[in-house]
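To start, the structure itself, in structure tokens.
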Amino acid sequence: MIKYIHNTYLEKPGIEHVVRMIYDCLFDLYGPQGWWPLIDLHETSWETHSKKNYTKGYHPGNYKYPQTSDQQFEIIAGALLTQNTSWIQVEKTLLNLKQLDALSPEIIIPLNLEALKEAIKPAGYYNQKAICLKNLAILFLELKHRVPTREELLSLKGIGPETADSILLYAFKQPFFVIDAYTRRIVTNLRLVDEKANYDEIKALFEGNLPHNPVIYQEYHALMVEHAKRYYRKKVSCTTKCPLLKIVPD
DNA sequence: AACCAGGACGTGA
DNA sequence: TCACGTCATGGT
């Protein structure tokens, strides 16, 4: 008996196995990624990090972050700032904000808008991002340590599905899988979804075939980014050499 | 010197 | 719904 389902990936047998195998393969290749990066981690946490993979800001194998309210807000800010922007530019902006002592919502909200825009400049789109960052700060305080709903985040102008999921997954450790441009390129190249699949369809591919575990979601997403940086750059991309092609059917 | 980077939004078809 | 232009800085 044949089930008719719109999404092509559901027509393929064993998709759950494929999704989990990709994770195992990437983890074997690259190891834990230590997302979300934070601009300065406590010195005491150094020993608990696997030193050899450690890059500034990342904390591979350590899933206890964020530990403070300010770290939580730093992740939220980073998720917004990195929209269509490389992380190096986001780091500059985060350091600018830190210099203004503005990496906390209480300071950002009353901060002079022009000063905020100036700090955000390295990350681009500074006019929109400055407004949005203030609105995020306001929402964050209104929450009073409650976890926001996805709808609350999406209701803010400038917060789309990926940023909302990033905030929920990395700042609040909720099981919302993040789909970014890299992840899209990989799963379409592997023919796991149709090329014109929308955000929610790709999201469902992962959420529907993995344990609803935020640690797995975090690691998986970060691994996809690392992998894509090696095989799926827009220029000089070598998608035909992607090692995952060997373990995926077809 | 174009092209791209861990997107989102407004518009018109 | 969906394709397309726009937002903007700084790397390669």
Side-chain angles (χ1 to χ4, degrees), chain A residues 6-7 26 30 32-39 55-60 65 74-97 113-136 139 150-171 176-189 193-203 206 214 217-239:
Chain A
H6 300 307
N7 301 325
L26 294 178
Y30 310 127
Q33 297 300 298
W35 279 36
W36 189 277
L38 292 160
I39 53 176
T55 320
K56 196 172 185 311
Y58 296 83
H59 41 89
Y65 297 105
E74 182 185 325
I75 294 172
I76 292 171
L80 165 70
L81 294 169
T82 196
Q83 290 174 357
N84 204 33
T85 303
S86 54
W87 184 254
I88 183 70
Q89 300 299 108
V90 176
E91 284 184 321
K92 294 177 190 169
T93 292
L94 291 175
L95 290 174
N96 284 346
L97 291 173
L113 184 58
E114 294 309 313
L116 183 57
K117 287 181 179 178
E118 194 61 28
I120 293 178
K121 263 194 180 164
Y125 310 110
Y126 55 84
N127 290 304
Q128 331 178 83
K129 285 177 178 176
I131 304 281
C132 188
L133 187 52
K134 283 208 180 202
N135 288 330
L136 276 172
L139 172 63
R150 193 167 190 261
E151 290 67 35
E152 281 178 300
L153 294 168
L154 290 175
S155 72
L156 299 184
K157 188 176 304 179
I159 304 298
E162 184 190 335
T163 309
D165 287 335
S166 289
I167 290 172
L168 287 164
L169 178 60
Y170 289 104
F176 289 77
F177 204 94
V178 176
I179 306 299
D180 55 24
Y182 286 146
T183 304
R184 169 180 291 275
R185 280 178 222 168
I186 292 174
V187 294
T188 56
N189 182 242
V193 298
D194 190 83
E195 293 182 15
K196 51 181 177 56
N198 63 33
Y199 186 94
D200 290 323
E201 287 171 334
I202 303 179
K203 182 179 167 72
F206 292 97
Y217 283 20
Q218 289 181 355
E219 206 64 82
Y220 206 147
H221 169 237
L223 285 165
M224 294 288 258
V225 173
E226 175 59 25
H227 183 64
K229 283 179 174 171
R230 302 181 184 226
Y231 294 95
Y232 290 85
R233 315 293 315 213
K234 275 200 176 168
K235 315 190 66 159
V236 296
S237 77
C238 37
T239 61

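Order of the sequence lines fixes the chain letters, A, B, ..., with proteins taken first and strands second; residue numbering starts at 1 for each chain.
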Separation of atom [atom1] in [X] from atom [atom2] in [N], rounded to whole Å:
X: Lys92(A); N: dA8(C); atom1: NZ; atom2: P; result: 18 Å
X: Lys234(A); N: dC4(B); atom1: NZ; atom2: C1'; result: 7 Å
X: Lys229(A); N: dA5(B); atom1: NZ; atom2: C1'; result: 9 Å
X: Tyr58(A); N: dG6(B); atom1: OH; atom2: P; result: 9 Å
X: Leu116(A); N: dA8(C); atom1: CG; atom2: P; result: 13 Å
X: Lys121(A); N: dG11(C); atom1: NZ; atom2: P; result: 15 Å
X: Lys129(A); N: dA5(B); atom1: NZ; atom2: P; result: 14 Å
X: Ile202(A); N: dG6(B); atom1: CD1; atom2: C1'; result: 15 Å

Open item on the list: For DNA chain C, please output the secondary structure as dot-bracket, reading 5' to 3'. Pairs are Watson-Crick or G-U wobble, both atom distances under 3.5 Å; mark crossing pairs with [ ], other-strand partners with |, unpaired with a dot.
Closed with: |||||||.||..
Open item on the list: It should be established whether Thr85(A) places a side-chain nitrogen or oxygen under 4.0 Å from OP1 or OP2 of nucleotide dG6(B).
Closed with: no
Open item on the list: Quick check on dA5(B): is either OP1 or OP2 less than 4.0 Å from any side-chain nitrogen or oxygen of Arg185(A)?
Closed with: yes
Under 4.0 Å, counting only non-hydrogen atoms across every strand here, what does [X] touch: a base, just sugar-phosphate, or nothing?
X: Ile88(A); answer: nothing
X: Ala222(A); answer: nothing
X: Gly160(A); answer: sugar-phosphate

Is the side chain of [X] donor-acceptor paired with the backbone N or O of [Y] at a distance under 3.5 Å, no angle test?
X: Thr188(A); Y: Arg185(A); result: yes
X: Lys92(A); Y: Ala123(A); result: no
X: Thr85(A); Y: Gln83(A); result: yes
X: Tyr199(A); Y: Ile179(A); result: yes

Task: Centroid separation Phe177(A) to Tyr220(A) less than 6.0 Å - done: yes
Task: Whichever of Leu156(A) and Trp35(A) has its nearest DNA chain B nucleotide further upstream toward 5' - done: Trp35(A)
- [ ] Could you check Lys235(A) against Tyr199(A) and say which one's nearest nucleotide on DNA chain B is further toward the 5' end?
- [x] Lys235(A)
- [ ] Examine the side chains of Tyr125(A) and Asn84(A) and answer whether a donor and an acceptor come within less than 3.5 Å of each other.
- [x] yes
Taking [M] as the reference, what is the distance to [N] when you measure between their [atom1] atoms (whole Å, please)?
N: dC3(B); M: dG10(C); atom1: C1'; answer: 12 Å
N: dA1(B); M: dT9(C); atom1: C1'; answer: 16 Å
N: dC4(B); M: dA8(C); atom1: C1'; answer: 13 Å

Task: Nearest heavy-atom neighbours spanning Ala164(A) and Ile159(A) - done: N-CG2, 3.8 Å
Open item on the list: If the threshold is 4.0 Å, N to carboxylate O, is there a salt bridge linking Lys229(A) and Glu226(A)?
Closed with: no
Task: Proximal nucleotide (of dG11(C), dG6(B), dA8(B)) relative to the Gln89(A) side chain - done: dG11(C)
Task: For dG11(C), glycosidic torsion class - syn if within 90° of 0, otherwise anti - done: syn
Open item on the list: I need the Leu38(A) CG to Tyr65(A) OH distance, nearest 0.5 Å.
Closed with: 7.5 Å
TODO: Only counting residues at least two apart or in another chain, list the ones meeting side-chain hydrogen bond (donor to acceptor under 3.5 Å, both in side chains) with Tyr170(A).
DONE: His221(A)
Return the polar atom pairs (N/O with N/O) between nucleotides 2-7 of chain C and the protein under 3.5 Å, or none.
unit_1, atom_1, unit_2, atom_2, d
dC7(C), O2, Gln128(A), NE2, 3.4

